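First up is the structure itself, then whatever we jot down about it.
Computed from a predicted model, the values in this text were never measured in an experiment. Below, chain A is the first sequence line, B the second, and so on; all start at residue 1.
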Amino acid sequence: MASESDKSFLPFEIIINILQRLPIKSIVRFQCVCKDWKNLFTIPSFIAEQILHSARDNPFLLIHEYDYKYRRSSLRLLNQKMETAEVLSTHSIDSFRRSWRINGSCNGLLCVELDTEQGRFPISHLLWNPVMNEVREVPQTLNDFRNFSSVGFGYSSVVNDFKIVRLYHPELLKKKEDQLLHSIRLNRAQMFSLSTGSWKELEFGALNARFSDDAVSANGNIFWFGWDLYPMIVCFHIATEVFTFTMIPTLQSGVDVAEHRICPFRLDVHGNKLALCDGFHSINRNSRTYSIYMWVVEEEDSESGNSLICTEKYKIGPLATVLKPLCIWRNQIVCIFIKGEVEGKGKDKGDLKDFLYLFNLTTKEWMKFHDFSAAYGRCVFFNYERSLVSFCNI
Amino acid sequence: MSSSVEAITVLSSDGDEFKITVSAAKLSKPLNWMLEDVCFSDDCDEVPTIEVNSKTLVKVIEYCEKHAPRANSGASDSDAEELKKWDIEFMKMDVKDILFHILMAANYLHMEGLYDLACQTAADLMKGMTVSQIRKIFHIKNDFSSEEQEQLRRQHPGCSFD
């Protein structure tokens, strides 16, 4: 152990292990240390390890707040203590001068959709890594891009590629803001691959179903909650580019899907498993109560092959107020307190704040963590981890 | 030969003798092999040497003795909490003086828990340092040309080479 020599006595292998654990801002700064370090930070295996540490030790809840009326938008990262860790600068996506929304978040990349602006533009997409300050414009697709679509975004380590998948209907054009996606049936699919840089049509079968707005990605798959005669989970395997459709005839709980007509579900990930979350009113005589349910989706081997089974994992309630679940974050459910559905109590109509709450599934405690005051606003949530993913390396 | 050995004696690279209990030695595969050699050979006179200096070995053994009961029997959540706090106190040390030696020792002795802990501690200490502080600690020379520095500055406004 010659610590007096002019070389560091630590083997590079140990140095790599230390560097993987650094917060991303330090890694970005330490690019300037020397060429070996700068090159190390572009190696896919280093980037992948860094993402694992980032997701475990430094996960963020990304909140996209937007205000339709004033067309204002902000992206905020909350840390595990629910404090604002950073307000992301949206300069690089605002420079396209179109309103935008986020379709998905995966390995530090955000998939951003630029709006049609009342049909004047085709919808287009951007991929964005806020840490690296890199934006990649996704080329226009084969067909007219003004259709209604439900977009999923994910990554597969098998092929080291990010893919955007659009489920759409070729004739239905998106013109009005007030049309709801989940009332419309989609029957086609197309996919963009970051490594090839191009779009292609995918085999989508004879399906003609309704879909949730949000897709979620996990373990190299993209999932949608769909609804044909029965509710179903649509799974797109990113590496092989194959869809599988699995019906969910009943949920394993007191709640009957058909009776409650729940659509769309919020599809999410809980402990590496796919999970569904929703809230229900139940009316007994004169009283009306409200509960939140969470189901975990698991594969079940049966004689007819693999099938999915939804098992009730948590029931929260009955609650005195209506708290709609929006997102699962780590071991917590993010809920919004809906003003309009609170009974009486002389609510001040000028008070337009919405309150966000967090329910901890382990401690069963509620925590109020954020309020936003957009008159015609909406909040969307994503799980986010900072990463070094760069478009040069895919 | 004796199976009732409770502690073994080892030598540090500086030639000092250290005692380590059998249960604590089980945290490291190489130490465990040495232990088996000592227990099952008739010739117990030879004291095995560990290529770790005395100052570092004291700390490594302290870690092993603390973690051994939990590693060997499992522990409750409150014990795990207590151990976490102990780890934080244990790791309050200077980077160059001893932490790097602990890292080397944990790597050499295949002690996953200590290695993870030491890597994380080093990362926590380094994260706030300037680029020149990092270079000093790792004895690294700035090998960027002025053109390359300029290019990096354009890519990441505000990045510093000092």
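Across Val33(A) and Arg135(B), no two heavy atoms sit closer than the pair O-NE, 2.8 Å. A pairwise comparison of heavy atoms in Phe144(B) and Lys38(A) identifies CE2-CD, 3.8 Å as the closest pair.
Separating the CD1 atom in Ile15(A) from the CE atom in Met126(B) is a distance of 8.0 Å, to the nearest 0.5 Å. A distance of 5.0 Å separates CH2 in Trp37(A) from CD1 in Ile134(B), rounded to the nearest 0.5 Å. Between atom CG of residue Leu19(A) and atom CZ of residue Phe138(B) there is a gap of 6.5 Å, rounded to the nearest 0.5 Å. Within the model, atoms CD1 of Ile18(A) and CG of Leu103(B) stand 5.0 Å from one another, a figure rounded to the nearest 0.5 Å.
Within a 6.0 Å sphere centred on NZ of Lys85(B), heavy atoms belonging to other residues, nucleotides or ligands number 12 at most. Shown here is Gln151(B), whose CD atom has no more than 12 heavy atoms of other residues, nucleotides or ligands within 6.0 Å.
Here Lys35(A) pairs with Glu148(B) in a salt bridge; the nearest charged N to carboxylate O distance falls below 4.0 Å.
Looking at Ile27(A), neither its backbone nor its side chain comes within 4.5 Å of chain B, counting heavy atoms on both sides. With a 4.5 Å cut-off on non-hydrogen atoms, Asn107(B) touches chain A through its side chain but not through its backbone. Both the backbone and the side chain of Glu13(A) come within less than 4.5 Å of a heavy atom of chain B. For a residue to count as touching a neighbouring chain, one of its non-hydrogen atoms must lie under 4.5 Å from one of that chain's; by this rule Leu152(B) touches chain A with the side chain only.
Counting only heavy atoms from C-beta outward, the side chains of Cys32(A) and Gln149(B) never approach each other to under 4.5 Å.
Most heavy-atom pairs under 4.5 Å with chain B: of the set Gln20(A), Met132(A), Arg29(A), this distinction falls to Arg29(A).
Chain A is approached within less than 4.5 Å, heavy atom to heavy atom, by Tyr115(B), Asp116(B), Cys119(B), Gln120(B), Ala122(B), Ala123(B) from residues 115-125 of chain B, ordered by number.
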